[in-house]
> 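First the structure, which I've put down as structure tokens, then a few questions once you've had a look.
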Amino acid sequence: MAKEIKTIGILTSGGDAQGMNAAIRAAARSAMNRGVSVKGIMQGYSGLLKNEIVDLNAVSVGNIIHHGGTVLYTARCPEFIDPDPEKADAAIRKAADVAKSHGIDGLVVIGGDGSWKGAQKLSKYGINVVGIPGTIDLDIACTDYTIGFDSAVNIALEAVIRLRDTSGSHFRCSVLEVMGRHCGEIALWAGMCGGADAILIPEEPESANLENVLKVINENRARGKKHNIIVVSEGIGHSQELAKAIEAETGIESRATILGHVQRGGIPTARDIKHATMMGAYAVDLLLSGANNRVIAYRDAKYVDYDIDEALAMKRRPSFDILEVNHRVSTYR
Ligand code: ADP
Ligand code: F6P
């Protein structure tokens with residue numbers, strides 16, 4: 001028989017992402033409305049290890065839906081990934097014991113696939129877990145959407161649009177580096193939507209071939225273009241060096257901008273709040289139905305759930321179509 005869930009815990013883990021608060025609110029309120037107590041675990045797994053756990057009520061999760069960041073704070077917890085497997089296991093066991101000492105029998109983990117791996121291990125120590133995809137990077141294989149991506153990509157797009165004004169005024173080339181860790185989705189979306197001459201992503205090393213980048217810049221200038229925008233994913237990096245190389249090779253004045261953490265802040269977009277709210281409520285439905293070791297995904301326009309092991313084994317499909325189409329439309333005859 002499925003374990004009866006009387007108390008759930010909620011935590012946010014890894015990098016914060018716009019929309020995490022909306023997910024916290026949705027999970028907390030939908031649990032409370034079904035007679036389940038809700039605890040907020042501060043600073044992810046680190047707070048769990050340090051016993052930093054507070055009671056949440058309907059009011060304490062009020063007025064947060066539209067705020068960036070996470071009211072539960074977040075952290076990366078090195079103890080869970082200690083290179084000594086025995087030490088890592090001891091930390092995970094301790095975290096499960098702390099959760100149990102608060103009566104927590106179900107846990108909602110809002111974070112990326114690293115955070116999901118922590119959840120997967122906690123589930124082996126008797127805590128029913130459900131993961132929600134929360135990361136600006138859109139780097140999780142099983143889902144077409146991760147909470148925070150839309151907000152981050154629109155900030156990156158706005159940066160491209162602003163750079164076009166100043167680049168165009170000075171006949172310059174602007175190199176914009178955006179976040180994404182090992183994943184190029186933010187660069188792809190912001191680059192294509194901003195009309196970039198070229199987009200450089202780690203999943204396609206050839207996209208960062210200097211000769212190719214110079215060719216596009218030179219061809220576009222020859223056809224009368226007065227400025228250039230190159231969007232670089234942080235997995236490629238070296239944007240300052242790239243700007244210098246472009247200037248040295250083409251004679252076009254070039255500037256690099258590294259956008260950084262500004263992409264992780266501010267008001268979440270409606271898309272992020274909507275997905276966060278739907279997934280927060282879904283997570284509680286799953287836990288109360290007795291589910292364990294599951295993650296939520298948005299796939300083919302539907303909310304679905306997978307076994308964590310199955311989800312983590314999936315292979316991500318980068319949006320190479322964006323790269324290909326951008327190449328076709330960023331040059332002209
Ligand atoms: P994200 O959740 O955004 O992918 P990280 O990869 O930094 O971010 O993971 C967040 C935290 O999740 C880590 O600091 C660690 O505590 C935990 N975690 C990551 N990978 C593992 C793992 N393989 N096993 C256990 N816990 C992990
Ligand atoms: O995973 C989100 C993210 O912003 C990545 O895009 C980036 O590589 C990383 O986190 C930055 O981490 P930190 O906030 O620790 O500098």
Side-chain angles (χ1 to χ4, degrees), residues 11-20 23 41-50 68-70 72-96 98 107-125 127 129-143 146-153 155-156 176-190 201-203 231-237 239 258-266 272 293 295-296 308-309 311-313 316:
L11 63 80
T12 49
S13 169
D16 65 336
Q18 301 95 328
M20 280 185 164
I41 298 160
M42 312 308 268
Q43 279 198 282
Y45 300 127
S46 293
L48 189 53
L49 282 175
K50 287 189 266 175
T70 159
L72 295 178
Y73 305 100
T74 186
R76 299 201 166 87
C77 171
E79 291 90 337
F80 269 35
I81 41 174
D82 195 293
D84 178 343
E86 279 183 22
K87 284 192 186 153
D89 188 56
I92 290 156
R93 203 163 350 112
K94 180 178 172 198
V98 173
L107 182 65
V108 178
V109 171
I110 307 164
D113 55 5
S115 303
W116 290 2
K117 288 177 193 159
Q120 181 188 38
K121 290 177 181 163
L122 276 173
S123 82
K124 305 224 171 10
Y125 288 109
I127 307 290
V129 298
V130 172
I132 292 179
T135 165
I136 63 165
D137 297 337
L138 192 60
D139 61 347
I140 305 182
C142 72
T143 183
T146 61
I147 295 166
F149 176 73
D150 192 55
S151 305
V153 94
I155 293 165
L176 174 68
E177 184 173 316
V178 299
M179 277 187 164
R181 213 187 304 204
H182 309 298
C183 173
E185 293 297 324
I186 296 178
L188 287 168
W189 282 65
I201 58 165
E203 297 91 332
V231 177
V232 178
S233 180
E234 73 165 322
I236 293 289
S239 296
I258 298 174
L259 200 52
H261 289 82
V262 71
Q263 289 158 101
R264 290 225 306 251
D272 274 327
N293 202 46
V295 288
I296 296 174
I308 300 186
D309 307 21
L312 292 174
R316 191 168 65 82

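Keep in mind it's a predicted model, so treat the numbers as computed, not measured. The residues of the chain are indexed from 1 along the displayed sequence. Both ligands and their constituent atoms are indexed starting at 1 by order of listing.
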> May I ask which of Ala119, Gly134, Ser115 has a heavy atom nearer to atom 9 (O) of ligand 1 than the others do?
Ser115

> Starting from atom 1 (O) of ligand 2, locate the nearest protein heavy atom and write down its residue, its atom name and how far away it is, to 0.1 Å.
Asp137 OD2, 2.7 Å

> Only heavy atoms count here, so choose which of Gly114, Ala88, Gly44 is nearest to atom 19 (C) of ligand 1.
Gly114

> Heavy-atom contacts with His261 under 4.0 Å: which atoms of ligand 2 show up? List them by number with element.
13 (P), 14 (O), 16 (O)

> If you measure every N or O of Arg76 against every N or O of ligand 1, does any of those distances drop under 3.5 Å?
yes

> Which of the numbered atoms in ligand 1 are under 4.0 angstrom from any heavy atom belonging to Cys77?
13 (C), 14 (O), 15 (C), 16 (O)

> Are the side chains of Thr12 and Asp16 in contact, using a 4.5 Å heavy-atom criterion?
no

> Is the closest N or O pair between Gly15 and ligand 2 shorter than 3.5 Å?
no

> Could you tell me which atoms of ligand 1, counted from 1 in the order shown, lie closer than 4.0 angstrom to a heavy atom of Lys121?
22 (C), 23 (N), 24 (N), 25 (C)

> Please confirm whether Gly112 approaches ligand 2 to less than 4.0 Å, judged on its heavy atoms.
no

> With heavy atoms of Asp113 as the reference, note each atom of ligand 1 found under 4.0 Å away.
4 (O)

> For the backbone of Gly44 and the side chain of Thr74, can you confirm whether one donor and one acceptor N or O come within less than 3.5 Å of each other?
no

> Would you indicate which of Met179, Glu234, Arg181 comes nearest to atom 8 (O) of ligand 2 when only heavy atoms are counted?
Glu234

> What I want to know is whether Thr135 and ligand 1 share at least one N or O pair that is separated by under 3.5 angstrom.
no

> Of all heavy-atom pairs between Glu203 and Cys183, which one has the smallest distance, and what is that distance?
OE2-CA, 3.3 Å

> Please could you name the atoms of ligand 2 that Gly180 approaches to less than 4.0 Å, counting only its heavy atoms?
6 (O)

> Starting from atom 9 (C) of ligand 2, find the nearest protein heavy-atom neighbour and note its residue, name and distance.
Arg264 NH1, 4.0 Å

> Please report the shortest heavy-atom distance between Arg181 and Glu234, naming the atom on each side.
N-OE2, 2.7 Å

> According to the interplanar angle, ranging from 0 to 90°, do the rings of Phe80 and Tyr45 count as parallel (below 30°), tilted (30 to 60°) or perpendicular (above 60°)?
parallel

> Number the atoms of ligand 2 from 1 as they appear, then name those within less than 4.0 Å of a heavy atom of Ile136, with their elements.
4 (O)

> Kindly confirm or rule out an N or O of Gly112 lying under 3.5 angstrom from an N or O of ligand 1.
yes

> Do side-chain atoms of Asp272 reach the backbone of Gly148 as a donor and acceptor pair under 3.5 angstrom?
yes

> Starting from atom 15 (O) of ligand 2, locate the nearest protein heavy atom and write down its residue, its atom name and how far away it is, to 0.1 Å.
Arg76 NH1, 2.7 Å

> Is Thr146 reaching over with its side chain to a backbone N or O of Thr135, donor-acceptor style, under 3.5 angstrom?
yes

> Show the nearest heavy-atom pair for residues Val178 and Ala156, with the distance to one decimal.
CG1-CB, 3.9 Å

> Could you tell me whether Ala75 and ligand 1 have an N or O pair separated by under 3.5 Å?
no

> Would you say Gln263 contacts ligand 2, with heavy atoms under 4.0 Å as the rule?
no

> For atom 21 (C) of ligand 1, what is the nearest protein heavy atom, given as residue, atom name and distance?
Ile81 CG2, 3.3 Å

> Check whether any side-chain heavy atom of Glu79 sits under 4.5 Å from a side-chain heavy atom of Lys94, and report yes or no.
no

> What are the two closest heavy atoms between Ala91 and Leu49, and how far apart are they?
O-CD2, 3.3 Å

> Do the side chain of Asp82 and the main chain of Lys87 share a donor and acceptor less than 3.5 angstrom apart?
no

> Using a 4.0 Å cutoff against the non-hydrogen atoms of Gly118, which atoms of ligand 1 qualify?
25 (C), 26 (N), 27 (C)

> Determine the minimum heavy-atom distance between Glu185 and Leu138, stating which atoms define it.
CG-O, 3.6 Å

